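Here's the structure, in C-alpha cells; my notes come after.
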Amino acid sequence: MAYEYSSRNSDSSDEIRPAFHIGQHDSTRVETLTNLQYGQVLNSGFQFVTTPITNAHFHERIQKLVDESLSRASTGSHIDPIVTPLTPEDTTLFPEVYTSGFIGYASPWIDLCSPNHVIASVSRQVLNLEVDYANFCGVRSIIVPGPRQDSAQTGDSRGIAQYARAIHEALLIGSRVNFVIHLPMYREPGLEEKIAQLTISNETEKSPPSAKEIDIFTSWDSWHVIRTVCDYSARLFVALRIPRALPPKELQTRWFSEPLQYLTYSPSTFQTNKAGLPSLGRPHQELIHTYMRLKHAPYYLLCDVGPELRDGPAAADGRMDTSSTSEFPALGDASASPQSAKPGHRAQGHNAYLSYLRHLERQQEPYSELELNTLTNFQDWLQSPLQPLSDNLESVTYEVFEGDPVKYNQYELAIEEALREWAALKKPTSSPDGVVIAVAGSGRGPLVTRALQASETTGVPVRVWAVEKNPNAYVYLLRQNQTVWGGRVTVVKTDMRAWKGPVISSPSSKPPAEPTYGKVDILVSELLGSFGDNELSPECLDGIQHVLAADHGISIPSSYTAHMSPIATPRLYADIASRQGQGGGGGAFDDGSAAHAFDTPWVVRLFALDFVAARGVPDRPRFQQAWEFAHPLPRATVDGVAARRAGGVVGGGGGSMAGGVGANDHNVRSCHLTFVCPSRGVVHGLAGYFEAVLYASQDEDRPPVELSTLPEMIDRKSKDMVSWFPIFFPLKQPLYFPSDSELEVNMWRQTDDTKVWYEWMVEAFRWVSETERIKVGGSDMCSSRRVACLM
C-alpha cells in the first residue's frame with residue numbers, strides 16, 4: 001500500500017468511536033487560500049484550514065507606522081497613532097461561498113502585552129480591525145495567538161492584563177465570532193510562536209527561562225486572567241499547544257476542565273519510530289483518549305506539516321510502529337531532543353502526521369451502550385433537583401430511573417440478605433402469612449417486583465404493600481398487580497406520612513368501627529437524592545416510621561452519608577452565569593428560578609472538571625463526609641418530635657428560629673471540612689455525592705450491601721450505576737487560591753418545618769509560618785432557601 005498506516009477498519013461496523021476533526025495550519029502562510037488551494041487541502045484529508053486575515057502588505061504598513069510613531073515619541077510626542085481601515089491591498093480574504101469554512105488566524109506579529117504604549121495601542125487596533133473584517137466576511141472562529149510570556153516570567157501582571165482587556169474589547173466588536181486563544185499547555189522551550197513581533201528598534205527579547213525555572217502553571221494562570229476579565233464568555237475558548245514532554249496529570253486535568261476548542265500539534269511534538277515516521281508515545285495517546293470522551297471533544301490542528309501534494313507513483317508500502325514506547329525527555333530538555341519528528345515526513349499525496357492521527361482515531365475505544373444512550377448526552381448538563389413531595393412525576397421520569405439495573409440488583413440483594421437472616425434468626429413477623437414488606441413511594445413498582453423475586457429466591461413468604469401518592473402511578477400499580485404480580489400486592493394510594501399501616505381486620509358490625517392496623521417488618525424506599533438527603537428522604541422516612549414494628553422493624557436503606565469535594569468547572573460556571581443573567585425578566589413564562597441560578601444545588605453529570613484537593617493527605621482526603629442519617633430513628637428522638645408537634649416544648653434551633661415549632665430540627669445538619677490544595681487554582685463550587693448502606697447483616701463477617709456515587713468507591717460498591725448523578729453547589733464568584741492552600745468548607749442543612757434548604761461557603765487559607773495562617777480569599781454565603789425542597 002502507499003500509506004504508512006492501513007486504512008482498513010477491522011472493527012465491527014456497528015461500533016461507534018469518537019470522531020477526529022483534523023485541520024491544517026501553516027504559520028508561514030500570509031495569503032488566504034485560493035479556491036484551488038483550499039480544495040487541495042481538503043482533498044488531502046484535512047477537514048478545515050486556517051487563514052490569515054491580513055497579508056504581508058498590511059504588516060509592512062503597520063511596521064512603518066510603528067517606526068514613525070516611535071520616532072515622534074522620542075521627540076516628546078505622546079499621541080498614539082491611528083491605524084487606518086483596511087484596503088484591498090491589505091487582505092486577500094473576501095466574502096465567498098467557502099469563507100465560513102475558514103478558521104481565521106489573527107496576525108501573530110502584534111504584541112498586545114507590550115510595555116510600550118505605541119506598540120500595545122497599534123496591536124490592539126490591528127486586532128480590532130481584523131476581527132471586525134473577519135466578522136463581516138462570515139468567518140465564525142478566530143484563533144488569537146496568546147501571550148508569549150506570563151506574569152511569572154515578566155515579573156508583573158501588566159502585560160497579561162493588557163492582553164485580557166484587548167480580548168474583552170474584541171469580543172464586543174466581533175459579536176458573532178468565537179475567539180480561541182492559542183496557548184501552550186505549559187512553557188516548554190521551543191513551543192512559542194516563531195514570527196517576530198512588533199518591537200522597538202535595537203530591543204532585545206528576553207531569554208526564555210532555563211529548564212530549572214519552568215513553572216508549569218504559568219500558562220494556565222494567563223488563561224485564567226483572560227477568561228475572568230472576559231466574564232467567562234461563552235464565545236471564548238482555548239487552542240492548546242501540546243508539548244513533546246507532557247506535564248503531570250494534575251495540569252492535564254486542569255486543562256481538561258477548560259473550554260477546549262483545538263489541540264494543536266507541531267512536528268516537534270512527535271517522535272520518530274524505528275521506520276523514521278512520526279508517532280506519539282503512550283502518554284500522548286492516553287491524553288487523546290481522555291480528551292476525546294468529552295461530549296464536545298476538541299478538534300485537532302496540525303501545524304506546519306504540509307500538505308505537499310504531488311503527482312506520481314504511490315509511496316512505498318510501509319506501516320508505522322504503533323508501540324510508541326520510547327521514553328520522554330525532561331521538561332527542560334524536550335526541545336533539544338534529537339528524536340523529534342521532522343516536517344518532511346510526507347509521502348506523495350499523503351501526509352504522515354494526518355495518517356497517524358487517523359490511525360489513532362481507529363484505535364479509540366468504542367463507546368459503550370451506556371455512554372451512547374445516557375452518559376455522554378448528560379455530560380455537564382444542569383438539571384434542577386426533583387420535588388418528589390410536591391410534584392407528581394411523569395411516567396417517562398420513572399422509566400429513566402428503572403433503566404438502571406445495578407441499583408435494583410443491589411436492592412434485591414439487600415432484601416434477600418434481610419429475609420435470609422430473618423428466617424435464620426427466627427425473628428417475629430407482623431403477619432402470620434410472612435414478613436410484611438412495605439415499599440414506600442413505589443412509583444411504577446420496580447422495588448415491588450424485586451421484593452417478590454427476593455421472596456421466591458430465599459423461600460421466605462412475604463406480604464407486600466405498595467404505597468404511592470401519585471394518582472397516575474397508582475393506576476399503573478393496580479394494573480401491574482393484575483397483569484404481573486398476580487394480585488399478591490396490596491396497593492394503597494396515600495402520602496406515606498399519612499398511611500396508618502397494613503389493615504389486618506375490617507369490622508363487619510354495623511355501624512362499622514375503626515379498622516385494625518398492623519405493623520411493617522421491612523420498610524423499603526428509593527427516596528435518596530444525589531446528596532443522599534436532598535430529596536427529603538429523612539423527612540419522608542420519619543413520617544412513615546410509625547408503621548414500622550418498634551422492636552424488630554428495619555429500613556432499607558438503613559443509613560446514608562453525604563460527601564463533597566471542591567472542584568473547578570469553568571464550563572458549568574459560565575452556564576450558570578448565563579442563566580443568572582437571563583433570569584428575573586418578569587415575562588409571562590418567567591418563574592423566577594433563573595434569577596437564583598447560583599443559589600440552586602444542580603444535579604449534573606460532572607465530567608469536564610478538576611478536583612482541586614489533593615489525594616492521600618492524612619485526615620484530609622479528597623472526598624470528605626459531611627453528615628449521616630440513619631433509620632429508624634431512636635425512640636427518644638421520635639418522642640421529642642411528637643412533643644414539639646403537640647406544642648409541649650418551647651424549641652430552639654434551626655426550625656423554630658425560622659418560624660416553625662422545631663419538629664424537624666433533628667434533621668438539621670452542619671459540617672466544617674478542610675481540604676489541602678498543593679497547586680494553585682480556582683474553585684467554582686462543591687461536588688456532592690452520597691453512600692448508602694442498604695442492609696448490614698448482624699454477622700460481621702458478611703459485607704454490607706451498599707450503594708455509592710463517590711468516584712473513588714463506585715466501581716467497588718455499585719459499578720456502572722447511573723441512577724444518580726452528582727449534585728453541584730455553585731459559588732457566586734470563582735475563588736482563586738495560591739499554591740499550598742487549605743480550603744475550608746462550611747455547609748448547613750436547614751429547615752423551618754415546611755421546607756429544607758442548604759447554605760454553604762468556602763474560604764481559602766495559607767500557612768505563612770509554622771504558627772501563622774492567613775486568609776487569602778473567601779466566597780459569599782450561598783443559600784438555596786428561595787428554591788428549597790418543599791415538605
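Numbering of residues begins at 1 and proceeds along the displayed sequence. Just so it is clear, the model here is predicted, and its values are computed rather than measured.
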Only pairs under 3.5 Å count here: list side-chain donor-acceptor contacts from residues 612-620, not counting sequence neighbours, and write none if there are none.
unit_1	atom_1	unit_2	atom_2	d
R615	NE	E712	OE2	3.2

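- Contacts of W223 classified as side chain to side chain donor-acceptor pair (under 3.5 Å), with partners at least two apart in sequence or in another chain: E258.
- Residues in residues 163-181 take part in these salt bridge (charged side-chain N to carboxylate O under 4.0 Å, His left out) pairs, two or more places apart or across chains: R124-E169, R165-E169.
- The CH2 atom of W220 sits 5.0 Å away from the CZ atom of R254 when rounded to the nearest 0.5 Å.
- Atoms CH2 and CZ, from W724 and F401 in turn, are 9.5 Å apart once rounded to the nearest 0.5 Å.
- The cationic group of R773 lies under 6.0 Å from the six-membered ring centre of F765 and within 45° of the ring axis, placing it in a cation-pi geometry.
- Residues satisfying the side chain to side chain donor-acceptor pair (under 3.5 Å) test with D380, not counting sequence neighbours, are none.
- Take T264 and apply the side chain to side chain donor-acceptor pair (under 3.5 Å) test, not counting sequence neighbours, and it matches H182.
- Looking at Y265 and H25, their side chains never come closer than 4.5 Å, going by heavy atoms from C-beta outward.
- Side-chain contact annotation: E371 with T376, donor-acceptor N/O pair under 3.5 Å absent.
- Each of I22, L240, T50, L263 was checked for a side chain to side chain contact (heavy atoms under 4.5 Å, CB included) with L301, and the lone residue meeting it is T50.
- Residues F531 and F690 fail the side-chain proximity criterion, which asks for heavy atoms closer than 4.5 Å.
- Between the side chains of Y232 and H684, at least one donor N or O lies within less than 3.5 Å of an accepting N or O.
- Annotation: salt bridge (charged side-chain N to carboxylate O under 4.0 Å, His left out) contacts of E759 (sequence neighbours excluded): none.
- Side chains of Y560 and S537: a donor on one and an acceptor on the other come within 3.5 Å.
- Looking at S257 and D610, their side chains never bring a donor and an acceptor atom within 3.5 Å of each other.
- Remark: the H672 side chain and the E744 side chain contain an N/O donor-acceptor pair separated by less than 3.5 Å.
- Side-chain contact check for D533 and Y758: at least one donor-acceptor pair (N or O, by modelled atom type) lies under 3.5 Å.
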If you apply the rule salt bridge (Lys or Arg N to Asp or Glu O under 4.0 Å), what do you find for E763 with K775, and how did you get there? CA-CA 7 Å; E763 298 173 287; K775 182 176 178 179; 2.9 Å; yes
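- D150 and S222 share a donor-acceptor pair across their side chains, judged by distance under 3.5 Å alone.
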